[in-house]
Amino acid sequence: MTTNLQTPIDYLKGVGPNRADLLRKELGIHTYQDLINLFPNRYIDRTRYYKISQLQQSNADIQVIGKLVEFKEVAQKQGKRLVGTFQDETGVMELVWFRGHKWIRDSIKLNKPYVIFGKANWFNGRFSMPHPEMELLEEHEKNLRSAMQPVYPSTEKLSNKGISNRVVIQMMQQLFIETGGRFAETLSEPLRSELKLISKGDALFNVHFPKSQELLARAQFRLKLEELFYIQLQLIIKNLIHKSKIKGFPFEHVGDYFTTFFNNHLPFELTNAQKRVIKEIRADLGSNAQMNRLLQGDVGSGKTIVAFMSMLMALDNGFQACLMAPTEILSVQHYNGLLEHCKLLNIRIKILTGSSTTSERKKIHKALENGELQILIGTHALLEDKVKFKNLGLAIIDEQHRFGVAQRSKLWHKNSSPPHVLVMTATPIPRTLAMSVYGDLDISVIDELPAGRKPIKTVHRYDKNRLNVFKFIRDEIKKGRQIYIVYPLIQESEALDYKDLMDGYESISRDFPMPEYQISIVHGKMKPADKDFEMQRFIKGETQIMVATTVIEVGVNVPNASVMIIESAERFGLSQLHQLRGRVGRGAEQSYCILMTGHKLSNDSKTRLETMVKTSDGFEIAEVDLRLRGPGDIMGTQQSGVLNLKIADIIKDKDILQSARFYAKKLLKDDPKLSNPENKVVLDTYKALSKFKNIWNYIS
Ligand code: ADP
Ligand code: MG
């Protein structure tokens, strides 16, 4: 017989009403089940005991056996601290408490052997341990011990009220005693054997009381997988409902455009990642459900060609396609790049932006409606009501983080039935991971850069090093390279930013005088035509330096530009810095990114700069960003329980997440209604977990 895990925590021996109250308020633990799902943050080695004479200054938690011989109270600046003299046969140390004096004095016995546990600091000529965990030696010996002792999440209130980590461990032991360690299995037999998962009971035991490092790893794996599996199951079911409701246009044939381009005009060999992603997109487009896919690939990974080849699939099936980019510059660049390919294939392509003239617009509107125009590139202008397609089959959105969800859905409604949608982003931000957790989009990843790219060298320099930096710029220009110098642009202080930019431009003009040096400047206050003119001068190599605000952040491609200087780098967010850096390193030359800052830096700024210097891996950067900003900030609005995972971490356990998603998908493919008896356990667990019972009804 298994104990009912819904039993209120008050009933656990040793808990009682006061502790139960604290557990509920501080950790949200209401039931036995909640307690068993309180997973350790980390583990420590408690097989080793130190003598006082062996202590060393270190950051590790250690344990010592000895006796407390006296207490004294010592006045300090604010209030008093309680100091205990603790000794063993090799020496004397101090134990220190800044809070909870009465409770300590009442509960700790003098001259009895104790095991103390904590961090030892060297202070005033002897070692001292603040707020040690203490346990009578005889109790200590009675308890289950394992080499890896769990450390549970706690709060200040809990430890002040005497619910120390040791107490939590005791509760956990008690829970295992009362339940006999029998926990019902929650994953199906086939899944467990396929993934070589240990049983639920073994996993729970070993996550709390690991018998070995290996069993701990297996326990964590199983529990993380299970947690993510059920979330994925829920999301995929939602996704399936979406697909069963919303039909897409099936692009059945592989036609001439695609094949001709692939065989005769590809400017380079595709990377394996690009090939894989194109296949994924093809599979989606070939099915009769509407594609809703996110294409994620670091800056420079070559998303544009994938976008173009996807558009060819639409065209081959008689449909139109559009590509929407967040800025005019970027739209123009896409247009120019794709125009070359389109000429070779006799494809009719146009660009529509805020600066298109009325007569151009009229022509475009007409050609779109009668189906003459096959591909339309542009900015937000594409979303205007007047823009009507004859048969839009595929809508691609580049650099998705600049567009809101609302705009995405607006594109959807350009047709009688929604086109396939491909969203491309260069920011492997947690948001995208979270999306995969939400499963509202399918995800493709280009996780490989084209061959032959040299990693960008990144350094941090202070303003006072400016002369050296300028010398470096001169040397690079001598070698024929081009330079970006970027200034922050932050909405609230636009005027100030503009002044910074202009001051910077002036000083750069002085140090890099005409006619030897030519400088372009691009910022948000310029007319689009002027912006474009300046941009073109830089692209053509007529100017060596581009002074700009973050307008160039997204997507601009000038392979000969090899130095990116970011002014006031401390004012940029991590993903923005990463994006900016991605503007260089696109050619064969060694590229550099120089982060300029003043001397005063906040801790967060320091971390951001250090991260940029240390790595160019977008995922790693995204992870730091998540740590600095927290999921709430990154997600916009904090969404349901998905981010409050109990054991898995959507960033660190990305591989497990993918595996969980894979198996959840496979399961629903093989047994859509989970009616197979061997999947009953999954069905039952799902139902118990699911808050969305109505969704379930819809499916079954
Ligand atoms: P992003 O993913 O940042 O949008 P782009 O599509 O702009 O990247 O590609 C960056 C550069 O790499 C472009 O100059 C493009 O022509 C080039 N490129 C893309 N794919 C490959 C490839 N497989 N081999 C070589 N160069 C490539
Ligand atoms: Mg791009």
Side-chain angles (χ1 to χ4, degrees), residues 261-263 265-279 281 293-312 322-342 344 351 377-379 396-403 422-429 432 443-456 482 484 535 538-541 550-562 564 575-589 591 593 616-619 621-622:
F261 183 74
F262 187 78
N263 292 333
H265 303 303
L266 256 183
F268 34 67
E269 169 101 18
L270 294 175
T271 62
N272 286 329
Q274 284 170 322
K275 287 183 197 161
R276 171 169 40 77
V277 166
I278 289 172
K279 270 192 202 138
I281 293 171
R293 185 169 282 278
L294 181 72
L295 171 56
Q296 197 181 301
D298 221 335
V299 273
S301 61
K303 294 183 291 296
T304 315
I305 198 82
V306 172
F308 182 65
M309 293 175 77
S310 309
M311 293 200 263
L312 295 183
C322 71
L323 169 59
M324 189 162 81
T327 64
E328 171 129 16
I329 290 177
L330 197 54
S331 309
V332 170
Q333 188 179 288
H334 274 316
Y335 175 72
N336 290 335
L338 299 187
L339 187 59
E340 300 290 309
H341 303 322
C342 287
L344 297 169
I351 178 167
I377 312 286
T379 54
I396 301 180
I397 306 176
D398 194 14
E399 311 295 356
Q400 169 265 347
H401 58 291
R402 291 282 191 91
F403 289 105
L422 180 67
V423 174
M424 306 198 290
T425 173
T427 336
I429 34 174
T432 57
I443 306 236
S444 288
V445 183
I446 306 184
D447 48 7
E448 183 188 356
L449 293 183
R453 295 268 170 84
K454 289 202 184 87
I456 301 163
Q482 289 167 284
Y484 290 108
M535 201 63 221
F538 189 66
I539 292 171
K540 288 184 203 142
T550 44
V551 246
I552 62 146
E553 177 193 340
V554 178
V556 171
N557 189 22
V558 181
N560 189 50
S562 66
M564 167 62 65
S575 72
Q576 221 178 5
L577 290 172
H578 181 60
Q579 282 285 329
L580 283 170
R581 177 168 59 184
R583 297 308 106 213
V584 296
R586 306 194 142 222
E589 306 307 331
S591 291
C593 174
S616 57
D617 178 336
F619 279 101
I621 290 172

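Remember, it's 1-based here, ligands and their atoms both numbered in the order they're listed. Source: prediction; values computed, not measured.
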Is Gly297 in contact with ligand 1, taking contact as a heavy-atom separation below 4.0 Å? no
Qualifying residue, where the test is side-chain contact (heavy atoms from CB on, under 4.5 Å) with Arg293 and the options are Leu422, Val423, Val277: Leu422
Note: ligand 1 atoms sitting under 4.0 Å from heavy atoms of Thr271 are 23 (N)
Does any non-hydrogen side-chain atom of Ile305 lie less than 4.5 Å from one of Gln274? yes
Near Arg586, which atoms of ligand 1 are under 4.0 Å from a heavy atom of that residue? 3 (O), 7 (O), 10 (C)
Arg581 and Ser616 side chains, donor-acceptor separation under 3.5 Å: no
Subset of ligand 1 atoms that lie under 4.0 Å from at least one heavy atom of Leu270: 23 (N)
Heavy-atom distance to atom 2 (O) of ligand 1: which of Glu448, Gln296, Lys303 wins? Lys303
Using heavy atoms and a threshold below 4.0 Å, how should the contact between Thr304 and ligand 1 be classified: side chain, backbone, both, or neither? both
Look only at interatomic distance and state if Gly300 has a nitrogen or oxygen under 3.5 Å from any nitrogen or oxygen of ligand 1. yes
Answer yes or no: is there an ion pair linking Glu269 with Lys275, defined by an N-O contact shorter than 4.0 Å? yes
Are any of the side-chain heavy atoms of Cys322 and Ile396 separated by less than 4.5 Å? no
Sub-4.0 Å atoms of ligand 1 with respect to non-hydrogen atoms of Glu269: 22 (C), 23 (N), 24 (N)
N or O pair under 3.5 Å between Gly302 and ligand 1: yes
The atoms of ligand 1 lying under 4.0 Å from a heavy atom of Ser301, numbered in the order shown, are 2 (O), 8 (O)
Least distance between heavy atoms, Asp298 atom then Gly618 atom: OD2-N, 3.3 Å
Which label fits His341 and Phe308: parallel for a plane angle under 30°, tilted from 30 to 60°, or perpendicular past 60°? tilted
